[in-house]
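These numbers come from the heavy atoms of this one structure, side chains and all, not from hydrogens, waters or symmetry mates.
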Amino acid sequence: IFKCKEKSSCFARQCLSGDCRPFKINVIHDAKGPSSNEDEPFLACERECKCTFYCCNRPSLSVFNVENGTNNYIGKIVAPWKLYNMELKGYNKEDELRWIINGSCFQLGVHCKMPCEPCQTIDFNILDANENKQSTMQKRTAGCVKAALGDADEFSVIFPGNATKEEKALLMMASVFLDFRYFEEKPNQQKN
């Protein structure tokens with residue numbers, strides 16, 4: 001289990017939409033024990049502020065391995081413009097397309113926030129560069145009780161069998177990017 005710590009300005013969080021908001025995220029292990037280094041991140045990602053308009057200036061997320069003080073670029077995640085479906089593309093450090101995450105907008109969980117099972121899940125396919133299905137990802141809402149206490153959703157990723165550790169890191173950060181891009185409430189929609 002991992003924890004993501006977002007770093008962004010108060011202005012960015014409250015006034016900018018998820019499409020253009022800049023942020024940095026550090027990912028740490030959530031393991032408690034004598035050998036765990038709780039506040040030592042092993043992954044970091046950065047997204048610059050971009051004014052996105054339809055197919056122009058699409059948002060992207062750069063991912064870095066920061067274990068043991070290094071800062072190695074792993075790759076990037078790009079949100080291409082799609083009229084209906086939710087989609088992300090993952091590129092390795094050589095800028096080669098490695099996978100596509102695709103989810104239909106015609107799922108109950110996208111539009112209906114009821115406590116029944118079909119309304120609590122949104123499924124995504126993980127495709128390779130040739131658009132062959134390799135694996136799946138799922139977003140699951142917290143349910144009635146947990147949703148009343150907080151706003152965290154759960155993402156589960158089944159990694160493709162041939163994925164490298166860098167590709168697994170990109171897929172993990174893609175789940176965070178999906179949450180920011182498509183499921184974050186706008187500042188004026190937040191509950192008081």
Side-chain angles (χ1 to χ4, degrees), residues 1-6 18 23-33 36 38 41-45 47 59-67 74-80 82 84-92 97-129 131-185:
I1 296 178
F2 307 105
K3 281 188 179 180
C4 296
K5 292 186 177 183
E6 176 189 352
F23 58 82
K24 292 181 182 182
I25 294 178
N26 287 327
V27 182
I28 59 172
H29 288 283
D30 192 25
K32 306 287 188 233
S36 71
E38 286 182 29
F42 68 96
L43 277 179
C45 63
R47 181 171 154 199
S60 64
L61 183 73
S62 299
V63 181
F64 301 89
N65 176 354
V66 293
E67 265 181 318
I74 294 175
K76 68 180 177 182
I77 302 158
V78 178
K82 293 290 179 180
Y84 293 109
N85 290 340
M86 297 169 280
E87 184 173 293
L88 295 179
K89 292 185 176 186
Y91 296 86
N92 64 12
L97 178 64
R98 298 303 299 158
W99 44 259
I100 302 165
I101 296 176
N102 191 333
S104 172
C105 68
F106 299 110
Q107 299 180 63
L108 281 175
V110 175
H111 306 286
C112 183
K113 308 296 184 212
M114 302 298 287
C116 60
E117 178 72 21
C119 296
Q120 289 185 343
T121 59
I122 301 172
D123 296 312
F124 297 90
N125 291 320
I126 300 173
L127 312 172
D128 63 15
E131 298 192 19
N132 298 315
K133 184 176 175 180
Q134 298 295 308
S135 191
T136 60
M137 180 183 291
Q138 185 180 70
K139 175 196 176 282
R140 183 170 191 72
T141 58
C144 291
V145 175
K146 286 184 180 177
L149 300 173
D151 65 349
D153 294 325
E154 297 175 4
F155 280 84
S156 60
V157 180
I158 299 173
F159 296 116
N162 60 348
T164 64
K165 73 176 191 173
E166 289 83 8
E167 290 172 337
K168 290 178 182 179
L170 282 171
L171 286 167
M172 188 173 74
M173 294 315 299
S175 67
V176 173
F177 197 37
L178 273 171
D179 191 36
F180 274 66
R181 284 273 306 132
Y182 297 108
F183 305 112
E184 184 177 82
E185 290 184 355

Do [X] and [Y] touch side chain to side chain, with heavy atoms closer than 4.5 Å?
{"X": "Arg47", "Y": "Phe177", "answer": "yes"}
{"X": "Asp123", "Y": "Thr136", "answer": "no"}
{"X": "Phe23", "Y": "Leu61", "answer": "yes"}
{"X": "Pro41", "Y": "Ile28", "answer": "yes"}
{"X": "Ile158", "Y": "Ile126", "answer": "no"}
{"X": "Asn132", "Y": "Gln134", "answer": "yes"}
{"X": "Val157", "Y": "Lys168", "answer": "no"}

Give the minimum heavy-atom separation between [X] and [Y], together with the two atoms involved.
{"X": "Met86", "Y": "Ser104", "value": "CE-O, 3.6 Å"}
{"X": "Pro80", "Y": "Leu88", "value": "CD-CA, 4.1 Å"}
{"X": "Cys4", "Y": "Val176", "value": "SG-CG2, 3.8 Å"}
{"X": "Ala169", "Y": "Ile74", "value": "CB-CD1, 4.2 Å"}
{"X": "Leu178", "Y": "Ile101", "value": "CD1-CG2, 4.1 Å"}
{"X": "Gln107", "Y": "Thr121", "value": "OE1-O, 4.4 Å"}

Test log, rule side chain to side chain contact (heavy atoms under 4.5 Å, CB included), inputs Glu117 and Arg140
CA-CA 9 Å; Glu117 178 72 21; Arg140 183 170 191 72; 2.8 Å; yes
Could you check whether any side-chain N or O of Asn85 sits under 3.5 Å from a backbone N or O of Glu87, counting only pairs where one atom can act as donor and the other as acceptor?
no
Apply side chain to side chain contact (heavy atoms under 4.5 Å, CB included) to the pair Phe183 and Ile122, showing each step before the final yes or no.
CA-CA 11 Å; Phe183 305 112; Ile122 301 172; 3.4 Å; yes
Using side chain to side chain contact (heavy atoms under 4.5 Å, CB included), reason through Lys139 and Tyr182 one step at a time and then give a plain yes or no.
CA-CA 11 Å; Lys139 175 196 176 282; Tyr182 297 108; over 6 Å; no
Run the side chain to side chain contact (heavy atoms under 4.5 Å, CB included) check on Glu166 and Asn92 step by step: do they pass?
CA-CA 8 Å; Glu166 289 83 8; Asn92 64 12; over 6 Å; no
Point-to-point distance, once rounded to the nearest 0.5 Å, from [atom1] of [X] to [atom2] of [Y]:
{"X": "Phe155", "Y": "Phe124", "atom1": "CZ", "atom2": "CZ", "value": "6.0 Å"}
{"X": "Glu6", "Y": "Cys45", "atom1": "CD", "atom2": "SG", "value": "9.5 Å"}
{"X": "Phe2", "Y": "Asn26", "atom1": "CZ", "atom2": "CG", "value": "14.0 Å"}
{"X": "Asn65", "Y": "Leu43", "atom1": "CG", "atom2": "CG", "value": "6.5 Å"}
{"X": "Gln120", "Y": "Leu108", "atom1": "CD", "atom2": "CG", "value": "11.5 Å"}
{"X": "Asn125", "Y": "Asn102", "atom1": "CG", "atom2": "CG", "value": "7.0 Å"}

Could you tell me how the ring of His29 sits relative to the ring of Phe42: parallel (under 30°), tilted (30 to 60°) or perpendicular (over 60°)?
parallel
Those residues that, when tested against Val78, pass side chain to side chain contact (heavy atoms under 4.5 Å, CB included) (two or more places apart)
Ser60, Lys76, Tyr91
